[in-house]
Amino acid sequence: VSRRYRLAVLIEDADRARVWLEALRRAVPDWQVDDGRRVAAADQVDFVVLWGRAEGLSRFTHLRAILSLGAGVDHVLRDPDLPREVPLIRMVDPGLACGMVEYVSCHVLRHHLGAPSLERSQREQRWTTVTPQLAHERTVGIMGLGAMGSACATRLTQFGFQVVGWSRTRKSLAGVTVHAGRHELPAFLARSEILVCLLPLTEDTRDILDAGLCARLPRGAAIINAARGEHLVEDDLLAALDAGQISGATLDVFRVEPLPQGHPFWQHPCISVTPHVASLTRPGSGAQSIVRSISSLLAGESPPGLVNQEAGY
Ligand code: NAP
Ligand code: GLV
């Protein structure tokens, strides 16, 4: 990459903006990297790096690309100021996938080993012994076999789990039974004793974790949602938990974030809440990923995270 390109970081949170400015200046010391909230001559900026919906995007009139610090770009695509003709690139970063693999492995193992119910027994000073199933006797279903889902599916096979996966187009993944498309969703769900949602939020996937889906899972299944809050119909989950159809849920993402005070999920005995921390883009590796994406775009190639705006992810 030869020319002195101009890059602007457009992040509302000042602390977060500072961290990314520093990381990107370190990654491309020859470029001009500015804070997009107060940049002069915005029309001369080549690339905007943003997190979520960013105020003031319309000032950048000559962009070569917009790069999202998040893997999910649903909130970016909802921005009325988003110039549709400019390539949008979402974050694909080994650090992000690694964090998700650790989060999903932890919470799959927690449900697999019955940790939530053991913890309830401890609080009640009850000595209840149950022999947990072994991993090879348990099937985990992964919804979405992209950067996150495929890495998680592969790691779960290494624990010995039977792993089934579901995506829009058919994937091929060693050791994973794959399903594709809506018509194969029921067969996938019927096997998923622990269901992990790692789908992007699109018109096709909004509200997908609903009563109908819960009813198709094996009785007593657990659900882990680390994708987006709008995938889950909250009241349907509460009803399925009440009915015993679902035994527990781990939720990292919510329709309203932060999860409001007094929301029933906070105190529910069968729900674990984490505050949208399943995986965060690390500035070190994330800045390198941004530079790689830009370099590949400038070389006329299609970078790995190029968003298909039609499909919505
Ligand atoms: P990705 O690489 O784009 O993968 C998306 C996967 O979902 C693909 O396998 C895709 O199918 C599948 N898919 C999309 N629409 C579908 C549909 N209608 N039916 C069935 N499958 C469908 O995305 P990613 O990087 O893995 O990230 C996935 C999501 O995780 C993000 O969008 C974000 O919401 C969430 N996320 C959350 C956190 C967190 O901290 N909680 C962190 C990172 C990411 P194809 O393979 O056929 O295209
Ligand atoms: C986090 O939620 C992301 O989409 O990267």
Side-chain angles (χ1 to χ4, degrees), residues 11 16 20 49-53 67-78 88-104 106-107 141-155 164-173 176 178-189 192 195-209 213 224-232 250-255 257-259 272-283 285-286 289-290 293 303-313:
I11 303 176
R16 207 174 205 188
W20 279 97
V49 173
L50 50 70
W51 170 244
R53 198 179 149 173
L67 297 107
S68 159
L69 292 177
V73 288
D74 43 286
H75 36 9
V76 182
L77 289 171
R78 262 183 255 167
L88 172 64
I89 302 168
R90 64 192 188 78
M91 181 55 68
V92 179
D93 173 51
L96 194 60
C98 187
M100 188 58 88
V101 165
E102 291 177 12
Y103 180 92
V104 167
C106 166
H107 290 282
I142 310 283
M143 301 183 89
L145 294 174
M148 302 291 135
S150 61
C152 292
T154 298
R155 179 63 65 85
V164 293
W166 183 66
S167 50
R168 196 163 63 98
T169 57
R170 195 169 305 282
K171 296 282 162 297
S172 166
L173 215 53
V176 178
V178 294
H179 298 268
R182 277 282 166 167
H183 62 293
E184 292 186 18
L185 182 58
F188 160 80
L189 293 173
S192 299
L195 182 76
V196 183
C197 180
L198 289 169
L199 290 167
L201 179 67
T202 68
E203 286 315 308
D204 286 341
T205 66
R206 185 183 314 278
D207 295 330
I208 193 165
L209 305 175
L213 173 138
I224 298 171
N225 185 18
R228 285 290 180 263
E230 285 167 68
H231 285 127
L232 176 69
T250 298
L251 306 175
D252 184 56
V253 287
F254 303 92
R255 296 187 95 95
E257 294 182 8
L259 185 64
S272 299
V273 167
T274 57
H276 203 142
V277 290
S279 187
L280 305 167
T281 308
R282 269 55 175 191
S285 61
S289 299
I290 286 171
S293 292
L306 186 64
V307 172
N308 174 345
Q309 297 200 24
E310 201 71 27
Y313 70 99

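First listed ligand is number 1; within each ligand, the first listed atom is number 1.
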S.K.: Taking only heavy atoms of Leu198, which atoms of ligand 1 are found under 4.0 Å from at least one of them?
M.R.: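 Counting atoms of ligand 1 from 1, those under 4.0 Å from Leu198 are 28 (C), 29 (C).
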S.K.: Near Ser279, which atoms of ligand 1 are under 4.0 Å from a heavy atom of that residue?
M.R.: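 Reading through ligand 1 atom by atom, the close ones are 39 (C), 40 (O), 42 (C).
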S.K.: Check for a donor-acceptor pair, side chain of Glu102 on one end and backbone N or O of Gly99 on the other, with a separation under 3.5 Å.
M.R.: no
S.K.: In Å and rounded to the nearest 0.5 Å, what is the NE2 to SG distance from His107 to Cys152?
M.R.: 11.5 Å
S.K.: Can you name the atoms of ligand 1, numbered from 1 with element, that are less than 4.0 Å from a heavy atom of Met148?
M.R.: 24 (P), 25 (O), 26 (O), 27 (O)
S.K.: From atom 29 (C) of ligand 1, work out which of Leu199, Thr202, Thr281 has a heavy atom at the shortest distance.
M.R.: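 Result: the heavy atom closest to atom 29 (C) of ligand 1 is in Leu199.
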S.K.: Which residue supplies the protein heavy atom nearest to atom 44 (C) of ligand 1, what is that atom called, and how far is it?
M.R.: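 The closest heavy atom on the protein side is Ala71 CB, 3.7 Å.
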S.K.: Is the backbone N or O of His276 less than 3.5 Å from a side-chain atom of Thr274, with the two atoms forming a donor-acceptor pair by type?
M.R.: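 Here the side-chain-to-backbone pair does not exist.
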S.K.: Using heavy atoms and a threshold below 4.0 Å, how should the contact between Asp204 and ligand 1 be classified: side chain, backbone, both, or neither?
M.R.: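 For Asp204, only side-chain atoms sit under 4.0 Å from ligand 1.
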S.K.: Considering Lys171, Arg182, Arg228, which one's heavy-atom position lies nearest to atom 46 (O) of ligand 1?
M.R.: Lys171
S.K.: So is Leu96 polar-close to ligand 1, meaning N/O to N/O under 3.5 Å?
M.R.: no
S.K.: To the closest 0.5 Å, what do you measure between CG (Asp74) and CG (Leu201)?
M.R.: 4.5 Å
S.K.: Dump the intermediate steps for side-chain contact (heavy atoms from CB on, under 4.5 Å) on Ile11 and Trp20, then the final yes or no.
M.R.: CA-CA 9 Å; Ile11 303 176; Trp20 279 97; 3.9 Å; yes
S.K.: Within ligand 1, which atoms have a heavy atom of Ala227 less than 4.0 Å away?
M.R.: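 Counting atoms of ligand 1 from 1, those under 4.0 Å from Ala227 are 34 (O), 35 (C), 37 (C).
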S.K.: Which atoms of ligand 1 sit under 4.0 Å from any heavy atom of Leu145?
M.R.: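 What qualifies from ligand 1 is 6 (C), 8 (C), 9 (O).
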S.K.: Side chain or backbone, does Trp166 bring an N or O within less than 3.5 Å of an N or O on ligand 1?
M.R.: no
S.K.: Taking Asp93 first and then Arg282, would you say they form a salt bridge - that is, a charged N and a carboxylate O separated by under 4.0 Å?
M.R.: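 Judged by the 4.0 Å cut-off on N to carboxylate O distance, Asp93 and Arg282 do not form a salt bridge.
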S.K.: From atom 16 (C) of ligand 1, work out which of Met91, Glu230, Arg90, Arg168 has a heavy atom at the shortest distance.
M.R.: Arg168
S.K.: Polar pairs, ligand 2 vs protein, N/O only, below 3.5 Å.
M.R.:
unit_1: ligand 2; atom_1: 2 (O); unit_2: Arg228; atom_2: NH1; d: 2.9
unit_1: ligand 2; atom_1: 2 (O); unit_2: His276; atom_2: NE2; d: 2.6
unit_1: ligand 2; atom_1: 4 (O); unit_2: Ala71; atom_2: N; d: 3.2
unit_1: ligand 2; atom_1: 4 (O); unit_2: Gly72; atom_2: N; d: 2.8
unit_1: ligand 2; atom_1: 4 (O); unit_2: Arg228; atom_2: NH2; d: 2.8
unit_1: ligand 2; atom_1: 5 (O); unit_2: Ala71; atom_2: N; d: 2.7

S.K.: Return a yes/no value for Gly146: is any of its N or O atoms, backbone included, closer than 3.5 angstrom to an N or O of ligand 1?
M.R.: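 Yes; the residue has a nitrogen or oxygen that sits under 3.5 Å from a nitrogen or oxygen of the ligand.
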S.K.: Flag the pair Ile224 / Cys197 as yes when at least one side-chain heavy-atom distance between them is below 4.5 Å, and no otherwise.
M.R.: no
S.K.: So, taking the atom named CG in Leu77 and the one named CG in Leu88, what distance separates them when rounded to the nearest 0.5 Å?
M.R.: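 Spacing of CG (Leu77) from CG (Leu88) equals 6.0 Å.
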S.K.: Between ligand 1 and Thr205, is the shortest N or O to N or O distance under 3.5 Å?
M.R.: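 There is no such contact.
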S.K.: Under a 4.0 angstrom heavy-atom cut-off, which atoms of ligand 1 come close to Ala278?
M.R.: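 Reading through ligand 1 atom by atom, the close ones are 39 (C), 40 (O), 41 (N).
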S.K.: For Val253, is at least one N or O under 3.5 Å away from an N or O on ligand 1?
M.R.: no
S.K.: Taking only Lys NZ, Arg NE, NH1 and NH2, and the carboxylate oxygens of Asp or Glu, determine whether Asp207 and Arg255 approach each other closer than 4.0 Å.
M.R.: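 A salt bridge is present here (some side-chain N lies under 4.0 Å from a carboxylate O).
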S.K.: Looking at Leu96, is its backbone amide N or carbonyl O close enough to the side chain of Ser279 to form a donor-acceptor pair, meaning the two atoms are under 3.5 Å apart?
M.R.: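 Side chain of Ser279 to backbone of Leu96, a donor-acceptor pair under 3.5 Å: yes, one is there.
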S.K.: I'd like to know whether Arg170 forms a side-chain contact (heavy atoms from CB on, under 4.5 Å) with Val178, so could you lay out the CA-CA distance, the side-chain angles of the two residues, the decisive distance to 0.1 Å, and finally the verdict.
M.R.: CA-CA 7 Å; Arg170 195 169 305 282; Val178 294; 4.1 Å; yes
S.K.: Drop me the distance from Ile290's CD1 to Ile89's CD1, to the nearest 0.5 angstrom.
M.R.: 9.5 Å
S.K.: Which residue owns the protein heavy atom closest to atom 10 (C) of ligand 1, what's the atom, and how far is it?
M.R.: Tyr313 OH, 3.6 Å
S.K.: Is any NZ, NE, NH1 or NH2 atom of the basic residue among Arg78 and Glu203 found under 4.0 Å from an Asp or Glu carboxylate oxygen of the other?
M.R.: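 Not counted as a salt bridge, because no side-chain N and carboxylate O are separated by less than 4.0 Å.
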S.K.: Name the closest protein heavy atom to atom 36 (N) of ligand 1, giving the residue it belongs to and the distance to 0.1 Å.
M.R.: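 Answer, as residue, atom name and distance: Ala226 O, 3.8 Å.
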S.K.: For Met143, which part has a heavy atom under 4.0 Å from ligand 1: side chain, backbone, both, or neither?
M.R.: neither
S.K.: Could you identify the single nearest non-hydrogen protein atom to atom 7 (O) of ligand 1 and state the distance to 0.1 Å?
M.R.: Pro200 CD, 3.2 Å
S.K.: Donor-acceptor check, side chain of Ser167 to backbone of Leu145, threshold 3.5 angstrom: yes or no?
M.R.: no
S.K.: If you measure from CE on Met91 to CH2 on Trp51, what distance do you get to the nearest 0.5 Å?
M.R.: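 Interatomic distance, Met91 CE to Trp51 CH2, rounded to 0.5 Å: 9.5 Å.
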S.K.: Could you tell me which atoms of ligand 1, counted from 1 in the order shown, lie closer than 4.0 angstrom to a heavy atom of Gly72?
M.R.: 31 (C), 32 (O), 33 (C)
S.K.: Do His231 and Thr205 have side-chain atoms, one donor and one acceptor, less than 3.5 Å apart?
M.R.: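 Checked: His231/Thr205 side chains pair up, N/O donor to acceptor below 3.5 Å.
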S.K.: Pair Tyr313, Arg90 - check side-chain contact (heavy atoms from CB on, under 4.5 Å), show working.
M.R.: CA-CA 8 Å; Tyr313 70 99; Arg90 64 192 188 78; 5.8 Å; no
S.K.: May I ask you to list the atoms of ligand 1 that are less than 4.0 angstrom from any heavy atom of Met100?
M.R.: 37 (C), 38 (C), 39 (C), 42 (C), 43 (C)
S.K.: Within this structure, what is the CH2-CZ distance for the pair Trp166 and Arg182, rounded to the nearest 0.5 Å?
M.R.: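 Taking CH2 in Trp166 and CZ in Arg182, the distance rounds to 5.0 Å.
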S.K.: Between ligand 1 and Asp74, is the shortest N or O to N or O distance under 3.5 Å?
M.R.: no
S.K.: Would Asp252 count as a contact of ligand 1 if the rule is a heavy atom under 4.0 Å away?
M.R.: yes
